[in-house]
Protein chains: 2
Amino acid sequence: MTDSGAAPTVYDVAERSGVSIATVSRVYRNPESVRPETRERVLAAARDLGYVPSGNARGLASRSTGVLGLCFPDSSDPDTDAEAAEAADDDAAMLYSDQIIRGMERAARRHGYALLIAASLKDGPESLVAKVAGRVDGFAVLARTVPTVELEVISRRQPVVMLAGPRESLDTADRLDHIEVANFDGQRELTRHLIEDHGVRRPAYIGSSEESPDAEARFRGFLAACRDAGVEVGGEPVVRVGTMTQAEGARAAEVLCERAGERPDAFVFANDQMAVGALHALERRRVKVPGDVVVTGFDGIPLSRLVRPSLTTVHQPMLRMGEAAVELLVERLSGSRTGDPVSVMLPVTVVRRASCGCGDEEPAGPGER
Amino acid sequence: MTDSGAAPTVYDVAERSGVSIATVSRVYRNPESVRPETRERVLAAARDLGYVPSGNARGLASRSTGVLGLCFPDSSDPDTDAEAAEAADDDAAMLYSDQIIRGMERAARRHGYALLIAASLKDGPESLVAKVAGRVDGFAVLARTVPTVELEVISRRQPVVMLAGPRESLDTADRLDHIEVANFDGQRELTRHLIEDHGVRRPAYIGSSEESPDAEARFRGFLAACRDAGVEVGGEPVVRVGTMTQAEGARAAEVLCERAGERPDAFVFANDQMAVGALHALERRRVKVPGDVVVTGFDGIPLSRLVRPSLTTVHQPMLRMGEAAVELLVERLSGSRTGDPVSVMLPVTVVRRASCGCGDEEPAGPGER
DNA sequence: ATGAAAGCGCTAACAC
DNA sequence: GTGTTAGCGCTTTCAT
């Protein structure tokens, strides 16, 4: 083995094995096209020089990287204090984006791609997307991670798929493939279950004041179920919080409990985090769940199963979303699909647990779930 | 917005905004060094051309990518059937590597790096590492993902840190930084607990036949505890499986139950996956855990808490390992540390749960854990 | 089967 | 402040 300063290049390997750089390149890209004897010589030289092909140079010359990307928002809950850091080393802290990463990685692997992941930490002029976009063959973006216009520009040059974000504007020249989940259907089915099977009559919906198309779709599902069952509710969420966190959920629960008039018999939250926060608050006030009031969430985060009572919610197939995103990208890249963007709608599942009055269904045996 | 075939380059932007390519480059790399007016002109041109800097070209020219990497083995349990696929969309399926990815991603983000991840799916001549190594500034490798010699070669040119793999050979010119966990200590403490607090007298250790230094260290910890307590055990694991999966764990349990002679009073597995498989098998055979036999694992994967009975195990700080790996890489890259490789040893924690006879400690209220 | 030469798109001196 | 000019390390025709 020889070692001398800078990283060896094709030139070094070529020289040492007495061939041209073209042949060295061939040995790696298309071994069959080189006489075995020559090939061995090259490989041997590469080995003792410690040669590793430069991915950058390759990408530059061949115009493809073999890498897919994912951009997601930097929405980690603060974990500065020691306790939180401890808890973070745990599945309960699994974020939405972590699941999507898993799904994408698997699918990418199957197709021979590696995965580049980056969170949107607000940086300088070089937006995150640009950084990722410049290093991959195609990528997925979690909704509201980056301005849509920027994506619009980039998607002119490479496949981009939008995750969980409903098509923003149908009028714009939209070239992005989309993957959404059945927010409307899921919330409607969950609400119907509450009304029909648990006799809920005065449900309160707690939504977000942010511009969240997902939350809006969920609310519409809620309304539809109420209307179908003849349950009267206002045309607006009873409470709108700022950030859909546990703290906000707890606050919302307090507000609803202290309000004049009859207390709602169900708190229907737009996401799990808020619902969990509410469970805390209700316990503090000695309000029984589901006895005094039913509570539900949306998302199906791991934590939803761990809290007591376990949370009835609507489970989103996040892993599948990741996989679907890769499939879409690969289709575009392989040229097996061209033309207009598509929208894939993934189904959700209502998960009935203790917080709505359905029995707790902890596994009896050592099941895997 | 103009759109015409190939992706626009610095030349296109330069021409359209009436400056040189150097200025275009400056606008992105060092905006301050360009007169605001000029800068705006360039940015505008870039915008309507749909210009995105090529990461490859940048990397080539600047010799750095702003990306860190992770290579890990393709060791997911098979999830081809529908049921498993369902379960996979769940935190329970979180693997060792997933946690490390999370840890690395966080830390990388803090340092302004993106993360490239790739599983070692055995490919052609171009080994996985080479692919990753060629596209990142430095990377981490999960032990036994790739041949050490290959790493040896690569680590001559860029920082590499080995995760969870004890330094293989002290005699070789080892340039890799290492991150290990206290396998020996953890297994010894767990075993001691079994013997002292649960009266275990005939423990059986189930290890791996693969060359796994981790598993070996654990076994030595097991032996040490037995010896200290005067419990007689052989100098070899009672069973060695091939791949440390659930299936193999189940098989090992079967074997131990059917063997002639007295059945062991404890199955001490080298990892959680096997232990979980064993729980299944034992349930099928109506062997009570921990009543008839105590079962323990190692790793502390999320699933270990979800199975019934919940699994007593040794928890590895996987998230921390990922973070530590990034810190080490960044130190090397920033030049703040040079010279001999270091070894970081991270502590583990014995987690006492139901499968060893300690009470189940499910949260009472809606706690977050 | 192998070599020669022209880029791929960008950064980094170095001039002006 | 801005332009000029070399490369960075590889792939890829096109010859031979």
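The residue B:Ser62 sits close only to the backbone: its heavy atoms come under 4.0 Å of sugar-phosphate atoms, none of a base. If you check every strand for non-hydrogen atoms under 4.0 Å, A:Val24 touches nothing.
At the phosphate of D:dT2, neither OP1 nor OP2 sits under 4.0 Å from any side-chain N or O atom of B:Thr23. For A:Arg29 and D:dT11, the shortest distance from a side-chain N or O to OP1 or OP2 is below 4.0 Å. Phosphate proximity of C:dG3 to A:Ser20: present, with a side-chain N or O under 4.0 Å from OP1 or OP2. The side chain of B:Arg58 places an N or O atom within less than 4.0 Å of a non-bridging phosphate oxygen (OP1 or OP2) of C:dT11.
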Between the protein and nucleotides 14-16 of chain D, list the N/O to N/O atom pairs that are separated by less than 3.5 angstrom.
none

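Counting to the nearest Å, the P atom of C:dT11 and the OH atom of B:Tyr11 are 11 Å from each other.
Residues forming a ring pair (Phe, Tyr, Trp, His ring centres under 6.0 Å) with A:Tyr113 (at least two apart in sequence, or on another chain): none. Among residues two or more places apart in sequence or in another chain, the side-chain hydrogen bond (donor to acceptor under 3.5 Å, both in side chains) test is passed with B:Arg135 by none. Residues meeting the side-chain contact (heavy atoms from CB on, under 4.5 Å) test with B:Ala107, sequence neighbours left out: B:Arg110, B:Glu323, B:Val326, B:Glu327.
The stretch residues 38-45 of chain B has no heavy atom under 4.0 Å from DNA chain C, so no residue of it qualifies as close.
Here D:dG3 is the nucleotide among D:dC10, C:dC10, D:dG3 with the atom lying nearest to any side-chain atom of B:Val19.
Checking side-chain atoms of A:Thr145 against main-chain N and O of A:Val141 turns up no donor-acceptor pair under 3.5 Å. Without hydrogens or angle criteria, A:Ser17 side chain to A:Val13 main chain gives a donor-acceptor distance under 3.5 Å.
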Exercise for the section: Could you give me the CA-CA distance, side-chain angles and deciding distance for B:Asp137 and B:Thr65, then say whether side-chain hydrogen bond (donor to acceptor under 3.5 Å, both in side chains) is met? Expected result: CA-CA 6 Å; B:Asp137 292 341; B:Thr65 63; 3.0 Å; yes
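Pairs passing the side chain to side chain donor-acceptor pair (under 3.5 Å) check and including a residue from residues 330-341 of chain A, sequence neighbours excluded, read A:Asp177-A:Arg332, A:Asp177-A:Arg337, A:Glu331-A:Arg337, A:Ser334-A:Ser336.
The CD atom of B:Glu15 sits 9.5 Å away from atom OG1 of B:Thr9, with the distance rounded to the nearest 0.5 Å.
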